[in-house]
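Report on the following structure.
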Amino acid sequence: MDKLVIRGGRKLGGAVPASGSKNAALPLMAAALLSENGTSDLHRIPDLKDIRTFSALLTRLGAVIDYDGATLSIDAGNMESVQAPYELVKQMRASIYVLGPLLARFGHASVSLPGGCAFGPRPIDLHLMAMEKLGATVTIDKGYIEATVKGGRLNGAHIDFPISSVGATGNALMAAVLADGVTTIGNASIEPEIVALCGFLEAMGADIEGTGTTTLVVRGVRSLGPARFSNIFDRIEAATLLTAGAITGGTVRVTDVEPSHLATVLGKFEEAGCSVVTDTESVTLQSPETLLRTDVIANPYPLFPTDMQAQWIALMTQAKGISEIIDRVYHERFNHIPELNRLGAHIEIRENEATVHGPKRLTGTTVMSTDLRASACLVLAGLVAEGVTEVLRIYHLDRGYERIENKLLALGADIERQSYQEFR
Ligand code: EPZ
């Protein structure tokens, strides 16, 4: 098992590139299953554990995948199975993304229930509701979602999501593109990852109207073909790297980003006293002498992303004053707080609201990762903590960040990956 050993106190400086988006890559890979022949080429696919896990699942279904660490090619011409087994789905809940494509193309899907995660139950009721609206019969049998559609083809329908769900919007889209008739999706997610998915589906021959809005109209077609598509950049990784600059009092430039995908977060950096300069594909952040407190409410895009909530709390431990951070997307996504407090932070939790008292001097110690963004938050805290911080179980971090220690080293951090044994 690996840990990151960080000696805090260095101001970070320099420029690093963002990688391709994990949360766009996964639905793009799933959508490639819809092509009846030929090979789809997806560019800028990050070399992450979640990508390798999902590749293993798609291969198990019969897709042929070739990946060189940047471009991932998928040939779904000879699929052999419609069952996504528990041992793979339990490693990554986003495996649920195969439900829509398998049902759309083969009229049947058997997908293991994904189970919960470190910050709550993570229901999938909206995914199942969308499939039923499109004419599928969905039952749960021995922990598997068994979805079938009589006659083998879904029918266009009106789907209205009561809450904004990225995954359910993605699954509904990937099911509707091959349905018989027109599907309208109300209260659709408008995250950049969904906009990217629409772009790839259209390149494959899908007919989608309203991309980027909360109302999508999909006219079903008989079949889709392969396409080439360049993935978007990872807006959450980029924001995490900018936070590393802000928390250490440095100046950091992140290249290969789409600044408009980060607008709300950049506004919050400015509210905290940072100076932020953007150009077409980069953001430069310069830290102030004194970080200012801010209040943040995590909400669906384009508001402040829940995937930046933990990192922002780490930053606010160094800000002057009391900051209130609320997460309206995941009410229990606060496992990072006890570990931050062990580093010397003073953070109180009440339901889905964290109150951060700052500035607080942090002192390095050994801390435990519990989930992907919590581990990023602890790395950020380690960069500013006095002495040495050891962040354990960084397999969580490796799910969503492409060897982040290399990028932080390039920015001047004193950070090293070491393997270690855990004794239970
Ligand atoms: C995606 O998860 C991301 N994962 C998450 O990022 C991100 O936090 C989340 O969107 C919100 O932006 C991927 O894209 C792989 P949702 P997803 O459906 O699609 C509730 C990370 O750190 N809900 O938009 O699963 C749900 O409980 C990960 O990279 C239902 O009630 O999120 C949540 O409260 C973590 N029923 C809200 O909707 C459903 O059927 C938003 O969830 C589905 C969701």
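Atoms within a ligand are numbered from 1 in the order they appear, just like the ligands themselves.
Salt-bridge annotation for D234 and R44: absent, with no side-chain N of the basic residue lying under 4.0 Å from a carboxylate O of the acidic one. Looking at R235 and E193, a side-chain N of the basic residue comes within less than 4.0 Å of a carboxylate O on the acidic one, giving a salt bridge.
Ligand 1 has at least one atom lying under 4.0 Å from a heavy atom of K22. Heavy-atom separations between S164 and ligand 1 include at least one value shorter than 4.0 Å.
Within the 3.5 Å criterion, the main-chain N or O of R393 finds a donor-acceptor partner in the side chain of Y420.
At a heavy-atom cutoff of 4.0 Å, ligand 1 is contacted by the side chain of R333 but not by its backbone. The parts of P123 lying near ligand 1 are both backbone and side chain, judged by heavy-atom distances below 4.0 Å. With a heavy-atom cut-off of 4.0 Å, Y330 touches ligand 1 through its side chain alone. Contacts between P305 and ligand 1, counted as non-hydrogen atom pairs separated by less than 4.0 Å, are absent for every part of the residue. The backbone and the side chain of H127 each have at least one atom closer than 4.0 Å to an atom of ligand 1 (non-hydrogen atoms only). The proximity of E193 to ligand 1, defined as any non-hydrogen pair under 4.0 Å, does not occur for either the backbone or the side chain.
Of the residues R403, R417, K22, the one that meets the salt bridge (charged side-chain N to carboxylate O under 4.0 Å, His left out) test with D398 is R417.
In terms of N/O distances under 3.5 Å, ligand 1 is not approached by L372.
Residue I163 holds the heavy atom nearest to atom 23 (N) of ligand 1 of all those in I236, D327, I163. Comparing heavy-atom distances from atom 11 (C) of ligand 1 across D125, T306, L126, I194 singles out T306 as nearest.
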Quick one: side chains of residues 177-186, donor-acceptor pairs under 3.5 Å with protein atoms, not counting sequence neighbours, listed by atom name and distance.
| unit_1 | atom_1 | unit_2 | atom_2 | d |
| --- | --- | --- | --- | --- |
| T183 | OG1 | A157 | N | 3.2 |
| T184 | OG1 | H158 | ND1 | 2.3 |

Show me the donor-acceptor pairs within less than 3.5 Å that the side chains of residues 52-59 make with the rest of the protein, sequence neighbours left out.
| unit_1 | atom_1 | unit_2 | atom_2 | d |
| --- | --- | --- | --- | --- |
| R52 | NH1 | D47 | OD1 | 2.6 |
| T53 | OG1 | K49 | O | 2.9 |
| S55 | OG | I51 | O | 2.8 |
| T59 | OG1 | S55 | O | 2.7 |

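Taking 4.5 Å as the limit, every side-chain heavy atom of V379 sits out of range of all side-chain heavy atoms of C377.
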